[in-house]
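Shown next, in structure tokens, is the structure this report addresses.
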Amino acid sequence: MNKDIEVTLLSKEEIRKSKVLKKVGRECSIPYWTRSMSSSYESWNNVYYILLITTIGGILKNKANEVHGIRPVLKTNNLEKLIKDLKISYENGVEVVEYGEYPNLEEKFYTSNSSKPTGKSYYYPCDASRQNNYRVDEFLEYQYYGTKFAHLKYGFYEVMPIKFYIDREYNMLIAKDVLFEAPINIDNKNYNGDFETSQLYHFLNNEFINSLLPNPKNNEMAALIRKKEILEKEIETKIKELKKLKKIIQENEELKTQNNSLNSEIENSLKGPSKVLKK
């Protein structure tokens, strides 16, 4: 778990009071979870109800083991340090930054076998939709003519920068969109309705954040792959140059042959008249 950044979800209070969300709206294209627990609880099967935001911005409740959208929030005590090197744009008067990348799961990407791995991985609770276990799978990132994509269970998805709204009042970055869908908790018996005890919280603050933050091993791998690509291009260029040179040498040899042939004809032509004169 990263000590400087906590990945969480919006609370009911933040959704209602955030000046940022009042400007841009709190709704997304699909319903998404908050981290706030409802007063409802089924004690007979130990099921908690969590509040979620509908596509029109309303607040409803649902069972924590149901699948809904995840709109991550990055919280930190050093917000200025986190965003100081990031380019800031504006949307409806709200500051927006790009931080990290994640596959765009709303649109599939079509590629070919010529794709190359970059050395980076992304994580996703793929089997969460079955609602019987909470398993996190790793998916590799590939590159295809400069476009990065990840191979998830159901296909290939282009990797895109994640856009966040800057909320300075609450020292957090709010994801502009829902990034994926998952339950809050399925089979963790220690879950007590508090989001920090959930399986989703553990995933966000371990596998998910690790795929956002720079990884020296990944960077080293990416650098080696890039170096290999440059070397391959140089080799390809040299081969083309050698082919051209070979062609030039061949043409030069043909010209030499033609020249020698002409010289022989000229020499024979000159020898012919001289023999006649001697007679």
Side-chain angles (χ1 to χ4, degrees), residues 1-18 21 26 28 30-54 58-79 82 99-100 102 105 121-139 153 162 164 167 169-175 177-213:
M1 184 179 294
N2 187 277
K3 295 180 180 180
D4 298 323
I5 302 174
E6 178 191 20
V7 188
T8 184
L9 303 179
L10 290 164
S11 69
K12 179 181 178 181
E13 179 185 8
E14 290 165 347
I15 288 170
R16 287 180 170 175
K17 295 183 178 181
S18 172
L21 294 178
R26 60 191 185 185
C28 285
I30 62 175
Y32 64 91
W33 288 116
T34 73
R35 69 175 188 270
S36 298
M37 183 172 58
S38 167
S39 57
S40 301
Y41 171 65
E42 295 180 2
S43 58
W44 60 275
N45 61 357
N46 197 36
V47 172
Y48 292 87
Y49 283 77
I50 307 299
L51 300 179
L52 59 87
I53 306 301
T54 68
I59 299 179
L60 295 177
K61 64 181 179 180
N62 212 332
K63 295 179 181 180
N65 60 0
E66 297 288 338
V67 176
H68 289 292
I70 306 301
R71 186 182 189 182
V73 171
L74 307 185
K75 287 201 167 188
T76 175
N77 293 325
N78 299 305
L79 182 61
L82 180 65
Y99 185 82
Y102 201 75
L105 301 180
S121 298
Y122 295 93
Y123 301 89
Y124 182 70
C126 300
D127 288 355
S129 60
R130 296 180 181 177
Q131 300 184 21
N132 56 9
N133 63 60
Y134 205 102
R135 193 188 80 193
V136 175
D137 285 348
E138 177 182 11
F139 298 94
K153 184 175 182 179
I162 304 175
F164 289 90
D167 191 325
E169 181 182 5
Y170 287 97
N171 288 318
M172 64 183 180
L173 300 180
I174 307 170
D177 303 302
V178 169
L179 298 187
F180 58 93
E181 294 180 88
I184 298 290
N185 195 83
I186 294 181
D187 53 356
N188 175 22
K189 296 181 180 180
N190 294 322
Y191 176 60
N192 59 12
D194 184 348
F195 184 61
E196 293 185 9
T197 66
S198 70
Q199 290 171 304
L200 177 61
Y201 182 84
H202 182 273
F203 166 75
L204 291 175
N205 288 279
N206 288 276
E207 294 91 348
F208 177 77
I209 189 65
N210 288 336
S211 67
L212 298 189
L213 298 177

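Counting only heavy atoms from C-beta outward, the side chains of Lys17 and Tyr170 approach each other to under 4.5 Å. Between Leu10 and Met172 there is a side-chain heavy-atom pair separated by less than 4.5 Å. Contact of the His68 side chain with the Pro31 side chain is registered, since non-hydrogen atoms from C-beta on lie closer than 4.5 Å. The shortest distance between side-chain heavy atoms of Met37 and Tyr49 does not fall below 4.5 Å. Contact of the Leu51 side chain with the Leu60 side chain is not registered, since no non-hydrogen atoms from C-beta on lie closer than 4.5 Å. Between Leu79 and Leu173, the closest side-chain pair of non-hydrogen atoms falls below 4.5 Å. Residues Ile162 and Phe164 form a side-chain contact, since some pair of their non-hydrogen atoms from C-beta on lies under 4.5 Å apart.
For Val178 against Cys28, the heavy-atom pair with the smallest separation is CG2-CB, 3.9 Å. Here the closest heavy-atom approach between residue Tyr134 and residue Ala182 is recorded as OH-CB, 4.1 Å. Across all non-hydrogen atoms, the minimal contact from Lys61 to Ser38 is CD-OG, 3.5 Å. Taking every heavy atom of both residues into account, Ile15 and Leu21 meet most closely at CA-CD1, 3.8 Å.
Using modelled atom types, one side-chain atom of Asn185 and one backbone atom of Asn188 make a donor-acceptor pair closer than 3.5 Å. No donor-acceptor pair under 3.5 Å is formed between the side chain of Thr8 and the backbone N or O of Val73. Distance alone, capped at 3.5 Å, is enough to place a donor-acceptor pair between the Ser36 side chain and the Lys12 backbone. Between the side chain of Gln199 and the backbone N or O of Ile184 there is no donor-acceptor pair closer than 3.5 Å. Judged purely by atom type and a 3.5 angstrom limit, Tyr102 has no side-chain atom pairing as donor or acceptor with the backbone of Leu212. Between the side chain of Ser121 and the backbone N or O of Glu138, no donor-acceptor pair lies under 3.5 Å.
Within the model, atoms CD of Glu181 and CG of Leu105 stand 9.0 Å from one another, a figure rounded to the nearest 0.5 Å. Distance check, rounded to the nearest 0.5 Å: CG of Asp177 to OH of Tyr32 gives 11.0 Å. Distance check, rounded to the nearest 0.5 Å: CG of Asn171 to CD of Glu6 gives 12.0 Å. One finds the CG atom of Leu204 at 13.0 Å from the CD1 atom of Ile5 (value rounded to the nearest 0.5 Å). Considering OG of Ser211 and OH of Tyr124, their distance stands at 13.5 Å, rounded to 0.5 Å. With rounding to the nearest 0.5 Å, the separation of CG in Leu74 from CG in Asp4 is 12.0 Å.
With ring centers used as reference points, Tyr201 lies under 6.0 Å from Phe195. A centroid separation of less than 6.0 Å is found between the aromatic rings of Tyr48 and Tyr191.
Salt-bridge formation is detected for the pair Arg135/Asp137: a Lys NZ or Arg NE/NH1/NH2 atom is positioned less than 4.0 Å from an Asp or Glu carboxylate oxygen.
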| task | Report the C-alpha distance between Ile59 and Ile53 in whole Å, list the side-chain angles of each, state the deciding distance to 0.1 Å, and finish with yes or no for side-chain contact (heavy atoms from CB on, under 4.5 Å). | result | CA-CA 5 Å; Ile59 299 179; Ile53 306 301; 3.7 Å; yes
| request: Carefully, step by step, assess Arg16 and Arg26 under the rule side-chain contact (heavy atoms from CB on, under 4.5 Å). | output: CA-CA 9 Å; Arg16 287 180 170 175; Arg26 60 191 185 185; 4.1 Å; yes
| Residues Thr34, Leu9; criterion side-chain contact (heavy atoms from CB on, under 4.5 Å); working and verdict | CA-CA 5 Å; Thr34 73; Leu9 303 179; 5.6 Å; no
| field | Ile70 vs Leu200, side-chain contact (heavy atoms from CB on, under 4.5 Å): CA-CA, chis, key distance, verdict | value | CA-CA 9 Å; Ile70 306 301; Leu200 177 61; 3.4 Å; yes
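Ser18 and Asp167 form a side-chain donor-acceptor contact under 3.5 Å, judged by distance and modelled atom types alone.
Thr197 pairs by the side-chain hydrogen bond (donor to acceptor under 3.5 Å, both in side chains) definition with Asn192, not counting sequence neighbours.
Sorted by first and then second residue, the salt bridge (Lys or Arg N to Asp or Glu O under 4.0 Å) pairs involving residues 69-79 (not counting sequence neighbours) are Glu14-Lys75.
In this pair, Phe203 and Phe180 present their aromatic rings perpendicular. The plane angle is above 60°, beyond the 30 to 60° band.
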